[in-house]
Amino acid sequence: MGNEARVRKEIIAAVGRLSIPDFNPQLVEKAAIDCVDIESAHSHAATNINQQVDQLLRQLGAQVVVNAPGLP
Amino acid sequence: MIQFLQLELTNFAIYPKASFSFSTDPERPLTVIRGENESGKTTLMRAFLWVLFGADGIQEATGSAYALRPVWLPKGDPVETKVKLTFRQTKGDRTVTFNLVRRLVTTDGVTALNLERVLLSRQDSDGSFKPLSEAQIETLHGIIRPEMRDFYFLDADKAVDFVGGTETNHNDQVMRKMIGKSIRALLSLDDLRKAADRVDELRNVKLREIAQSNTGATGINLQGALTQVESVINKLKDEIPVAKEAHDVAAEVYRRADEQFTAMIETFEKASKRAGELKKFRDDRERLNIQRRQLMHQLAERGPGAELAAAMLTKSLKEIIDRLEPMKEKGHIPPSELEVIPRLVKRGRCLCGTAIAEGTPEAEELSRLLDKARKTETGSRFLDGVLSLATTHKRVGAAAVRSEPIMAIKTELARLDPLVGELSRAIEGIEKEVTAEGGQQSVATEVKRDVNEKLAVRDSRRDALQRLQTELEGHETSRRSLQEKIRAAAGHGAQVKALKATARAAELVCAVLREAYVHVERDQVAEVSACMSGLFGEMIGTTADGLISEVGLRAIGQQVYNPEYEIFARYQNADKPLRLINGASRRALAVAFFLALAEQTGIRVPLVSDSLLHSTSGEVRRRLVELLSTGQRAGQPIMFGTRADFQAPEIRSVLKRCAGVNYTLTAQSHVGRDVVRADPDRQQSNQVSVCRCAPEEFCAVCERVDDASAANLRRRVT
C-alpha cells in the first residue's frame with residue numbers, strides 16, 4: 001500500500017475512533033485529507049497553504065454552526 | 001519513480017566541459033563512476049546538489065562561488081558556470097522528462113550565489129522542451145524534495161551520521177536527529193505532520209482572536225447604554241415642544257411690543273417733523289406780525305385814533321352811522337356806546353380786507369385805540385369823531401381814506417393779513433396734533449423698557465430651547481454611535497461564533513490528522529525496522545548467535561505524537577550501544593536503514609553513493625554492493641568509488657552483471673605522477689578528464705602506471 005493510501009486509510013480510521021459530535025464525519029474526513037493534499041501540493045508557498053487550510057476549516061466550521069446553532 | 005538521464009557540466013570547478021549519461025536499463029541499472037582521490041568525485045556530487053537545490057544544496061559554499069568557479073581562471077575574468085540535469089518522472093503510465101539548468105556568472109570566488117538563474121523545462125509530446133514559469137519551478141521541489149537530499153546523495157561521512165557518527169566520535173543526538181528527519185521525509189509523513197501542525201496553529205490563532213474579541217464591550221452593555229440614552233432623548237423630546245411653545249409665545253409677545261414701539265417711534269419722528277414745521281410757521285407768522293405792527297404803527301401815525309377806527313371799520317360805516325347818528329341828533333353820543341365799536345368790529349372788516357376777529361392783532365389794536373380814546377378823549381368825542389369820519393367815508397367812499405401812503409400801507413397789510421391768517425390756522429392745526437402726541441413720550445419710554453424685558457424673556461427661552469436641542473442632538477449622536485456599535489457587536493458576535501466553530505473544526509481535524517499520523521508512523525516504522533534488521537543481517541551475515549542479533553528502529557520517550565526515533569542493536573537479548581559498533585557494521589547499518597526505508601515506502605529514486613564501500617571488505621562489501629547495485633530496493637543506483645573499492649573479483653562480478661554505464665574520472669594534475677599521459681583534449685593541467693572506462697579498464701586518457709601490465713585490467717577499445 002502506498003503512503004497516500006495508507007494515510008487516507010488511517011485518517012478514515014481516526015475519524016471512526018474519535019468521537020465527533022455536531023460534525024458530519026465524512027466532512028471531517030474530507031477536510032483532513034484535503035489538508036494533507038494541500039500540504040503535499042505546496043511545499044514552499046506557506047502563506048498560500050495557510051489561506052487554503054483556513055478556508056477549508058471555516059467551511060467545516062460553518063457546517064457545524066448550521067447544524068448546531070447552540071454552539072457556545 | 002525518478003531517474004536521472006544526463007548531467008552536463010560547463011566550467012564547473014575542475015570540469016571544463018563534461019557530460020554523464022546514467023543507466024536506465026532495468027536489467028543493468030547501475031552507473032559506476034570511478035575516480036581516485038582528488039579526481040573530481042565529490043565535485044561531481046556537488047554539481048548534482050547545486051543544479052537540484054541551488055545554494056542550499058552546497059551549504060558549505062553558501063555566500064561563496066568558490067565551489068563553482070573554474071579553478072583555472074584568474075580572478076576578474078567573468079565566466080558562466082552551467083549545470084544541466086535531464087531527469088524523468090514516472091507516475092503510473094505517464095512519464096515526463098524535465099531539463100533543469102542552473103547558471104551563474106562569476107568574476108571571482110565570492111560572487112553571491114543568489115544571482116544564479118534557474119530554468120526548468122518540460123518535454124512536450126512533440127519532443128521539444130517548453131520552459132516552465134517560476135511558480136511551476138517550485139513544483140521541482142515537489143518532485144525532488146529538499147528534505148530527501150541526504151537520501152539521494154549519500155557519502156561515507158553522511159552515512160555514518162545516521163548511526164551517530166564515527167566510532168571515535170559517536171553522538172546519539174546526531175543519530176536521532178538524522179533518523180527522525182529521514183523517517184519523516186521518506187515515509188512521506190512530513191505532509192501529514194505539517195498539515196496537523198498547521199491546523200493546530202490555525203486553531204491557536206482562532207482561539208487568540210476569540211480571546212481578544214472578548215475584551216471588547218459586549219452587546220448587552222451597549223444595549224443598556226442605548227436604553228439610557230433613548231430615555232434621555234424621549235425626555236428631551238417631551239421638553240422641547242414645551243420649551244418651543246414658550247419661546248414662540250415670548251417671541252410673539254416681543255414681536256408685537258416691538259412693532260408697537262416701532263410704530264410709536266415712527267409717530268415721534270413724524271411729530272418731531274411737525275414740530276419743526278410749527279416752529280417755522282410760528283417764526284413766519286411772527287415775522288409777518290412784526291411787519292404788520294410796523295405798518296399799523298405807521299398807519300396810526302398818519303391819523304387820529306378815530307380816523308383809524310373808522311378806516312378800519314369801512315364795511316360797518318352804515319351801521320356806525322345808523323347807530324350813532326340818532327344819538328348825536330339827540331344831543332350827544334354817550335360814552336357808554338364805546339362798547340358798540342368792538343361789536344361792530346366783530347362783524348366788519350378792516351379796509352385792508354383783513355377780518356377783524358376777536359383776539360386777532362387787529363382787534364387788539366382796535367381795543368388799544370378804544371382804551372386810548374377813553375383815556376385821552378371823552379368817549380363822546382371819540383364817537384363823534386368816528387361818526388364824522390364814517391359819515392365822511394361813506395359819502396366820499398373809501399377813496400377818501402385811500403391817500404397814497406395809507407393805501408400803500410393798507411395794500412401791504414392786505415397782503416400780510418391772509419398770510420398771517422393762513423399761518424395761524426396751520427399753526428393751530430399742528431399745535432393740536434403735537435399737543436395730542438406729546439403725552440406719548442413717557443409712554444414710549446415705558447414701552448421700550450417693556451419691549452426690552454420681553455426681548456430678554458424671548459432670548460432666555462430661545463437659549464433654553466437651543467440648549468435642549470443641542471443636548472438632544474448630542475444624545476442622538478450617542479444613540480447612533482451605540483446603535484452602530486450594537487450592530488457591530490451583533491456582527492462581532494456572529495464572527496466570534498464562526499471563529500469558535502472554525503477553532504472547533506480545527507481541533508477535530510488536528511486530532512484526526514495526529515491520530516492518523518501516529519498510527520501510520522508507528523506501523524511504518526515497525527515495518528521499516530523489521531526490513532532493516534533483515535537487510536543488516538543479509539549484509540553483515542549476522543545470525544541469532546552473532547555479535548548483533550537484531551537491529552531496528554524504535555520510538556524513545558513517552559511522547560505518542562511525533563516522537564524521537566533511534567536505531568537500536570541487540571546482542572544476546574540486550575541492547576548493544578551503537579558507539580560499540582565498528583566501522584563496517586556502522587555503514588551497513590546506515591545502508592540497511594536507507595534501503596529498508598526505500599523498500600517499505602516504495603520510493604524509487606536515484607541513489608548516488610560516494611565512497612560507501614570504504615572500510616568494508618570481503619563478503620560484507622560484496623553484499624553491500626549487491627544491495628546497492630541491483631536497484632531493486634532503492635531505484636536508480638549511481639555509485640562512486642575508487643578502483644580499490646571495485647577491484648575484488650566478487651565485486652567485479654556484481655558490477656559486470658549490474659553496471660549499464662561506466663565512467664572514469666582522471667585528474668590531469670596527476671599526469672607525470674601515476675597518470676601516464678595528458679588528455680590530448682585538455683586545456684589546463686588542473687582540469688578533470690572523463691572517459692567511459694569501467695573499473696577494470698583503462699584508456700589513453702586514464703591509463704596509470706602499471707595498468708598495462710596488470711593482469712586484472714584491460715585496455716578499453718575506443
Side-chain angles (χ1 to χ4, degrees), chain A residues 1-25 27-46 48-72, chain B residues 91 135 137-148 186-203 205-206 210 494 496-524 527 600-603:
Chain A
M1 183 185 291
N3 269 351
E4 283 185 18
R6 191 189 288 247
V7 167
R8 283 169 188 261
K9 174 176 168 265
E10 287 299 339
I11 284 174
I12 293 166
V15 172
R17 282 193 295 272
L18 295 169
S19 173
I20 303 180
D22 302 335
F23 285 83
N24 180 329
L27 291 177
V28 176
E29 273 175 26
K30 184 176 183 309
I33 290 168
D34 286 350
C35 283
V36 179
D37 288 346
I38 289 168
E39 206 72 48
S40 305
H42 303 79
S43 58
H44 289 280
N48 193 23
I49 299 177
N50 274 348
Q51 287 172 352
Q52 291 188 45
V53 174
D54 188 57
Q55 177 67 20
L56 200 147
L57 294 173
R58 283 171 192 267
Q59 287 171 355
L60 187 62
Q63 184 249 348
V64 79
V65 169
V66 172
N67 286 353
L71 187 73
Chain B
K91 270 189 173 178
I137 289 174
E138 289 293 330
T139 61
L140 169 68
H141 293 141
I143 300 169
I144 299 174
R145 293 152 53 190
E147 65 269 24
M148 289 176 66
L186 291 172
L187 291 181
S188 298
L189 292 182
D190 251 9
D191 291 339
L192 181 56
R193 184 176 55 78
K194 281 182 187 171
D197 292 349
R198 189 182 303 279
V199 170
D200 190 42
E201 177 54 29
L202 284 171
R203 173 177 169 267
V205 169
K206 304 297 173 197
I210 291 167
V496 169
K497 197 171 181 181
L499 279 172
K500 285 181 177 176
T502 306
R504 190 167 175 186
E507 183 183 4
L508 282 176
V509 171
C510 179
V512 165
L513 291 172
R514 286 185 169 166
E515 172 83 2
Y517 179 89
V518 167
H519 280 79
V520 174
E521 188 174 81
R522 188 179 61 200
D523 293 350
Q524 287 197 331
E527 291 166 7
Q600 290 305 307
T601 55
I603 195 166

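Protein chains get the first letters and strands the later ones, always in sequence-line order, with residue 1 at the start of each.
- Heavy-atom distances place both the backbone and the side chain of Ile11(A) under 4.5 Å from chain B.
- Leu57(A) and Ala505(B) get closest at one heavy-atom pair: O-CB, 3.9 Å.
- The shortest side-chain heavy-atom distance between Gln51(A) and Gln55(A) does not fall under the 4.5 Å cut-off.
- Ionic pairing of Arg198(B) and Asp191(B) is not present here: no N-O contact between side-chain nitrogen and carboxylate oxygen is shorter than 4.0 angstrom.
- Contacts of Glu507(B) with chain A are absent, with no heavy-atom separation under 4.5 Å from either backbone or side chain.
- With chain B as the partner, the residue from Ile12(A), Val28(A), Asp54(A), Ile33(A) showing the most heavy-atom pairs under 4.5 Å is Asp54(A).
- Interatomic distance, Leu192(B) CG to Lys194(B) NZ, rounded to the nearest 0.5 Å: 12.0 Å.
- Of the two parts of Ala13(A), neither the backbone nor the side chain holds a non-hydrogen atom closer than 4.5 Å to a non-hydrogen atom of chain B.
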